[in-house]
Amino acid sequence: MNGRPYRGMSAEERLAERRERLICAAYTLYSDPGFPETTIERLCATARISNRAFYECFSGRTELMQALHERCVQEAVSAVAKAVEEAPDTPLSKIKAGISGYITFVTEDRRRARIMHLEVRRAGDCLATSRQQAVRAFAKVIEAGAFDLPDTIEPNRRLLALGMIGAVQELLVEWVLADDPPPVADLVSTAVHIFSRSFAL
C-alpha cells in the first residue's frame with residue numbers, strides 16, 4: 001500500500017478510518033443478530049467498504065471481535081478505576097463505587113453488555129485468551145488495593161477477586177438474556193451484597 005494522500009488522507013489514516021467503521025459496524029451487528037450470525041459480507045455492507053478492504057484491516061471476524069471486546073474492556077476498566085478513585089476511602093464505599101461504576105457503564109448500552117458477557121463466549125475458544133485477559137485486568141483493580149481487605153480475610157486475594165468477577169458476569173448475562181430484565185439497581189445491590197459478605201464487611 002502506498003503512502004500517497006487520497007482525499008486528504010494518508011494511507012495510514014484511511015486504514016485507521018476503515019478499521020473504525022468496521023468496529024462500529026461490529027458493535028451493532030455482533031450484538032444483534034450476534035457474532036455467529038454476522039457474515040463478513042454484512043459487516044462490509046454496514047461499514048460501506050469492500051471485502052478486500054476488510055482483509056486489509058482484519059484477518060477475519062474473530063480478530064475484529066477481539067479488537068471490539070478489548071476496547072470495551074479498556075473503557076470499562078477505566079470507568080471502574082475512576083469510580084473507585086473518587087469514592088470515600090473505606091472498603092465498603094470503594095466496593096460500592098467499583099461495582100456501580102462497572103454495571104452502570106456496561107448496561108448503559110445493551111450492545112456493550114451483550115458483546116462483553118454473551119457474544120464473546122459465543123465466539124468460542126478462539127477468544128478464550130481475550131476473555132482471560134479481561135478477567136485479569138479487573139482482578140488487578142481489586143488486588144491493587146482498591147478494595148483494601150481486612151486482615152481477617154483468609155482466602156487467596158486473587159481467587160477471591162476472580163470469584164467475585166464471575167458472580168458479576170453471571171448477573172449481567174441474566175440481565176442480557178432475561179425477557180424481563182431486572183432493574184440495574186437490583187444488579188448493583190445484589191453484587192454489593194455478594195462482595196461485602198465475601199469480604200466480611
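Counting begins at 1 with the first residue of the sequence. These numbers come from the heavy atoms of this one structure, side chains and all, not from hydrogens, waters or symmetry mates.
Side chain of Ser196 to backbone of His193: a donor-acceptor contact under 3.5 angstrom is found. Of the possible polar contacts, none joining the Arg111 side chain to the Ser31 backbone as a donor-acceptor pair under 3.5 Å is found. Under a 3.5 Å cut-off, the side chain of Thr190 and the backbone N or O of Leu187 do not form any donor-acceptor pair. Within the 3.5 Å criterion, the main-chain N or O of Gln74 finds a donor-acceptor partner in the side chain of Ser78. Side-chain atoms of Arg112 come within 3.5 Å of backbone atoms of Phe105 as a donor-acceptor pair (strictly under, hydrogens ignored).
Pairing each heavy atom of Ser50 with each of Cys44, the nearest pair is O-SG, 3.7 Å. When all heavy atoms of Arg18 and Cys57 are compared, the pair lying nearest together is CB-SG, 3.7 Å. Pairing each heavy atom of Ile99 with each of Val188, the nearest pair is CG2-O, 4.0 Å. The heavy-atom pair separating Ala191 from Ile103 by the smallest distance is CB-CD1, 4.1 Å. Across all their heavy atoms, Arg110 and Ala178 have their closest contact at NH2-O, 4.2 Å. The two atoms that bring Glu119 and Phe35 nearest to each other are OE1-N, 2.9 Å, heavy atoms only.
Expressed to the nearest 0.5 Å, how far CG of Leu171 lies from NE2 of His117 amounts to 10.0 Å. For the atom pair CG of Leu22 and CZ of Arg48, the computed distance is 11.0 Å after rounding to the nearest 0.5 Å. Rounded to the nearest 0.5 Å, atoms CZ (Arg21) and CZ (Phe54) are 13.5 Å apart. A distance of 12.5 Å separates CD of Glu63 from CG of Leu68, quoted to the nearest 0.5 Å. Note that CG of Leu43 is 12.0 Å distant from SG of Cys24, once rounded to the nearest 0.5 Å. Note that CZ of Arg19 is 11.0 Å distant from CD1 of Ile49, once rounded to the nearest 0.5 Å.
No side-chain heavy atom of Phe58 sits less than 4.5 Å from a side-chain heavy atom of Ile40. Within the 4.5 Å cutoff, side-chain heavy atoms of Tyr27 are placed close to those of Asp109. In this structure, the side chains of Ile115 and Met65 come closer than 4.5 Å at one or more pairs of heavy atoms. Using a 4.5 Å heavy-atom cutoff, the side chains of Arg14 and Glu56 are not in contact. In this structure, Leu172 and Met116 have side chains that are not in contact, with every pair of non-hydrogen atoms separated by 4.5 Å or more.
Shown are Ile23, Leu118, Leu64; of these, the side chain to side chain contact (heavy atoms under 4.5 Å, CB included) with Tyr30 is made only by Leu64.
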Apply side chain to side chain donor-acceptor pair (under 3.5 Å) to Gln66 and Glu70, showing your working.
CA-CA 6 Å; Gln66 183 174 352; Glu70 288 176 355; 3.1 Å; yes
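Counting non-hydrogen atoms of neighbouring residues, nucleotides and ligands closer than 6.0 angstrom, the CD atom of Glu108 exceeds 12 such neighbours.
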